[in-house]
Amino acid sequence: MEKKEDKDRKFETLMQNALSDQQFYIPDNFADRLTQKFNIRNMKHRLLTEWGLKLLIIIGVTGGSALVFILSGSDIISSFIHNYYPIILILIITVFIFFFDQVLLKLMFFLKDIKKHNSK
Amino acid sequence: MDDFELVKQIKKGNSNAYRFMVSKHERLVFNIAWRMAGQHQADIEDIAQEVFIKVYKNIKSYRNESKLSTWIASIAWKTSIDFIRRKTRNKLNFTDEPELHETQYENNVFENIKQSELKKVVSETLAKLPVQYQSVLSLYYLEEFSYAEIQEITNMPLGTIKSYLNRAKNIFKSEIENKHGHNAIQLLYNDK
């Protein structure tokens, strides 16, 4: 007479066999594809953080300099206020160029490297 | 490398650790997606991909309280349910009960039954069960998760999980009995 545990084990084995009949396949490069996405995401995050930090430093230095000018009673600030339109335009262009150079360009080179690596 | 160290490395941005984690758990995720969301390879791959992206995005919220595989399986479960909801436009019904029609088969003597025949009966019966039954059975028998872990993965009450497993077991008993006679079941169980 077989014990209950032995019979349960037989049923368990039977179930495992039936359940392991899986009608799907895992592509060979599945983990690689995901790792690539992981790397791209990491790179984006790193570049944006670095850019943000650099921008903060620049804003800090500019703000500090402006404060010094204001406190010293210089009339540079008032001339800036009168000509705010071209100054804001120049600032926007500078920030964009800085973003393009520090983030977009580096990311494009990184993606190009990945593409090159994939085609090998 | 244990789960704690693996997660620590992934949080640091170590791509080799991430690749290792994907390779280690891809079969589990594919299996859940396949059981839950159907038979199309492309759908299964999409779900699996979404799961591992979610794992990375939410890795900071992983607490070492449960096994990494349990946590990943719970993400796979939720993602598969969301996928079904999207596909069926919210017509998801997890209260489905198995509808198995009893068929009379000739009562073969037990000695003639081969293991492959039993496996065939089990596979056929399994295919007729609702997805939530199949998934719970798969998590329990194939992935060898405990009741508590299955509860964590599926968010189902413990009683429901136990009832699914017991009912499924009884369904298999009666199916095998129908096809191969009373003696067949006696080999597998002595409580019948």
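Worth saying up front: this structure is predicted, and the values here are computed from it rather than measured. Worth knowing before you read on, the calculation uses all heavy atoms, side chains too, and leaves out hydrogens, waters and symmetry mates. In what follows, every chain begins at residue 1, and chains take the letters A, B, ... in the order their sequences are listed.
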Practice item. Measure the OH-CD distance between B:Tyr18 and A:Gln36 for me, rounded to the nearest 0.5 Å. Key: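 Here the rounded value is 12.0 Å.
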Does one hydrophobic cluster hold both [X] and [Y], with members joined at side-chain heavy-atom distances below 4.5 Å?
X        : Y        : value
A:Leu107 : A:Phe109 : yes
B:Leu158 : B:Val136 : yes
B:Ile59  : A:Ile40  : no
A:Leu105 : A:Leu48  : yes
A:Phe96  : A:Leu91  : no

For [X], is it the side chain, the backbone, both, or neither that has a heavy atom closer than 4.5 Å to a heavy atom of chain A?
X        : answer
B:Asn31  : both
B:Arg27  : both
B:Glu144 : side chain
B:Asp43  : neither
B:Ala168 : neither

Exercise for review: List, by chain and number, the other hydrophobic cluster members for A:Ile57, where Ile, Leu, Val, Met, Phe, Trp and Tyr join if side-chain heavy atoms come within less than 4.5 Å, directly or indirectly.
Suggested key: A:Val61
**Study point:** Heavy-atom contact with chain B under 4.5 Å, split by part of A:Asn42
**Key:**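 Both parts, heavy atoms under 4.5 Å.
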Exercise for review: Would you mind checking which part of A:Arg33 comes under 4.5 Å of any heavy atom in chain B, side chain (CB onward), backbone (N, CA, C, O), both or neither?
Suggested key: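 Just the side chain, heavy atoms under 4.5 Å.
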Show the nearest heavy-atom pair for residues [X] and [Y], with the distance to one decimal.
X        : Y       : result
B:Tyr141 : A:Leu19 : CB-CD1, 3.7 Å
A:Asn39  : B:Ser15 : OD1-CB, 3.0 Å
B:Ile44  : A:Phe24 : CD1-CB, 4.0 Å

Review point. With a 6.0 Å cut-off on ring centres, are B:Phe30 and A:Phe30 close enough?
Key: yes
Residue [X] excluded, over 12 heavy atoms near [atom1] under 6.0 Å:
X       : atom1 : result
A:Asp28 : CG    : no
A:Lys44 : NZ    : no
A:Phe98 : CZ    : yes

Point to revise | chain A-proximal positions within residues 50-58 of chain B [heavy-atom distance under 4.5 Å] | key: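 The residues closer than 4.5 Å to chain A, in numerical order, are B:Phe52, B:Ile53, B:Tyr56, B:Lys57.
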Practice item. Just do the side-chain contact (heavy atoms from CB on, under 4.5 Å) check on A:Phe38 and B:Ile10 with the steps written out, would you? Key: CA-CA 10 Å; A:Phe38 172 86; B:Ile10 295 170; 4.0 Å; yes
Exercise for review: Examine distances only and state if a side-chain atom of B:Gln41 and a backbone atom of A:Tyr25 form a donor-acceptor pair shorter than 3.5 Å.
Suggested key: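 Looks like yes, one N/O pair under 3.5 Å.
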